[in-house]
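One structure below.
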Protein chains: 2
Amino acid sequence: MLMPQRQTSMREAILDAAEELFSKNGFRAVSMREIAQASGANLGSISYHFGSKDGLLRAIYERHSGPMNRRRSELLTEAQRIRDPDDRLEAIVRAFILPSLSQSEGSVGGGARFARLRAVVMAERHEEAQKIIAETFNPINLAFIDALQACLPQLPRADIVWRTHFLLGAVSYTLINPWRVTRLSGGEADGENTEEALTQIVRAAVAAFRAPAGSDAAP
Amino acid sequence: MLMPQRQTSMREAILDAAEELFSKNGFRAVSMREIAQASGANLGSISYHFGSKDGLLRAIYERHSGPMNRRRSELLTEAQRIRDPDDRLEAIVRAFILPSLSQSEGSVGGGARFARLRAVVMAERHEEAQKIIAETFNPINLAFIDALQACLPQLPRADIVWRTHFLLGAVSYTLINPWRVTRLSGGEADGENTEEALTQIVRAAVAAFRAPAGSDAAP
DNA sequence: GTCTATATACTGATAGAC
DNA sequence: GTCTATCAGTATATAGAC
């Protein structure tokens with residue numbers, strides 16, 4: 001016997017509305033009343049389905065992180081098959097961030113919204129969120145770091161970690177403030193354009209990873 | 001006649017406490033009662049001195065952004081005197097971020113705390129904060145972009161804006177989550193070490209700025 | 001499962017004594 | 001300038017009718 005494929009459907013409406021609101025305004029700033037109103041649900045129903053506001057957040061993470069990290073894993077495996085180290089490096093970087101940015105990936109509502117949610121909520125330093133994020137993303141991040149190390153054997157692992165961290169920061173910042181790119185460029189670049197953002201960030205990150213190490217390198 | 005050099009001193013105690021709490025926990029999560037308790041002030045005094053919670057935030061920005069951007073301006077001018085374009089690029093990148101990270105810069109309490117505050121508060125998408133940030137930092141950011149463009153004349157301005165944006169994101173992310181570097185590296189790198197962060201981020205950013213443009217470049 | 005009603009606590013802001 | 005007391009609003013969470 002299988003579980004019913006679609007739950008009460010109110011449950012998912014609540015998840016959708018909460019995800020949209022959290023990703024736009026952060027976790028603390030959104031009240032459960034707003035979520036109830038946006039989803040057409042009753043305030044009490046949210047507590048019934050998720051127990052608490054933290055429980056709701058955890059449910060959102062659980063809905064997405066599985067499929068997303070599975071996709072990242074697949075793309076990483078594909079990328080690692082590439083022989084040429086330069087091409088492989090670029091493919092790994094793409095595999096690292098594409099499922100975060102892409103609209104079509106992930107189970108519901110697109111990965112971009114969930115990525116924006118993660119970025120915003122992480123910046124809030126919400127304790128529950130930080131715990132979930134660490135549990136869910138550290139293992140796959142370490143796998144990517146290993147893959148990058150294999151492309152760049154001459155680089156100390158610490159340098160790779162730093163640059164991976166900067167890559168995550170660049171993605172996160174772009175998802176939080178896309179309009180800053182548009183404004184700073186006077187409209188020449190479009191921060192909301194996911195394709196453009198992906199191209200730009202991959203090129204910048206690949207160049208950063210190829211930079212020489214700190215302690216070695218020419219004087 | 002000069003203004004008295006030190007105000008009631010309670011005013012500054014409140015500013016210090018608020019800055020510390022906001023930078024650690026964000027704006028919305030910190031209540032005025034917490035600030036009152038941490039500063040030893042009375043709840044009513046905060047309203048007396050700053051009018052509102054938003055007024056308190058604005059006072060924090062006003063205390064720091066003047067000196068900080070003046071310092072960035074000075075360092076930029078110095079950097080622009082360097083003849084060699086490669087050395088100049090690196091000096092400009094340092095000038096861009098050093099006053100944000102450095103403990104000794106800024107009037108009170110160090111620039112790092114204020115930078116962490118900006119990063120956290122910006123991620124919260126607080127309306128008042130976004131207005132202040134845009135007013136205060138856009139002009140100087142544009143000056144840096146112009147200086148970078150002069151080092152990299154072959155690069156489209158849009159690419160420079162993107163990479164500057166990524167640089168800001170990397171700095172911001174590091175200030176919000178320094179411990180992630182430490183954890184991901186298994187302790188090999190220290191995310192809290194400002195010197196190390198500065199070195200790493202400058203090297204990565206310089207390499208990113210030197211990457212070829214998107215539309216041109218060799219196939 | 002969904003609803004109303006409510007318990008309990010906390011929020012920012014203010015009025016007025018001192 | 002600092003304090004107490006308090007207002008009006010909102011928060012999460014829950015108990016119980018339907």
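Chain letters run A, B, ... following the sequence lines, proteins first and then strands; every chain starts at 1.
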By ring-ring contact (aromatic ring centres under 6.0 Å, His included) - contacts of B/Phe209 (at least two apart)
none
Taking ring-ring contact (aromatic ring centres under 6.0 Å, His included) as the test, write out the residues that go with B/Tyr61, two or more places apart.
B/Phe114
Starting at atom [atom1] of [X], determine the distance to atom [atom2] of [N], rounded to an integer number of angstrom.
X: A/Gln37; N: C/dT2; atom1: CD; atom2: P; result: 18 Å
X: B/Phe50; N: D/dG1; atom1: CZ; atom2: P; result: 11 Å
X: A/Asn42; N: C/dT2; atom1: CG; atom2: C1'; result: 6 Å
X: A/Ile35; N: D/dA11; atom1: CD1; atom2: P; result: 11 Å
X: A/Leu21; N: D/dA11; atom1: CG; atom2: P; result: 12 Å
X: A/His49; N: D/dA13; atom1: NE2; atom2: P; result: 16 Å
X: A/Ile46; N: D/dT14; atom1: CD1; atom2: P; result: 14 Å

To the nearest 0.5 Å, what is the distance between OG1 (B/Thr164) and CZ (B/Arg157)?
9.0 Å
Which distance, rounded to the nearest 0.5 Å, do you find between the CZ of A/Arg118 and the CE of A/Met68?
5.0 Å
Cation-aromatic face contact A/Arg72/A/Phe96, 6.0 Å, 45 degrees
yes
For DNA chain C, produce a single dot-bracket line, 5' to 3'. Pairs: Watson-Crick or G-U wobble, both distances under 3.5 Å. Symbols: ( ) within strand, [ ] crossing, | other strand, . unpaired.
|||||||.||||||||||
B/S/- contact track for nucleotides 12-18 of chain C, protein heavy atom under 4.0 Å
BBB----
Applying side-chain hydrogen bond (donor to acceptor under 3.5 Å, both in side chains), name anything that partners B/Ser172, two or more places apart in sequence or on another chain.
none
Is B/Asp16 salt-bridged to B/Arg113, going by a charged N under 4.0 Å from an acidic O?
yes
Without placing hydrogens or testing angles, list every side-chain donor-acceptor pair under 3.5 Å for residues 174-181 of chain A, not counting sequence neighbours.
{"residue": "A/Thr174", "atom": "OG1", "partner": "A/Ala170", "partner atom": "O", "Å": "2.8"}
{"residue": "A/Thr174", "atom": "OG1", "partner": "B/His165", "partner atom": "NE2", "Å": "3.3"}
{"residue": "A/Arg180", "atom": "NH1", "partner": "A/Tyr173", "partner atom": "OH", "Å": "3.1"}

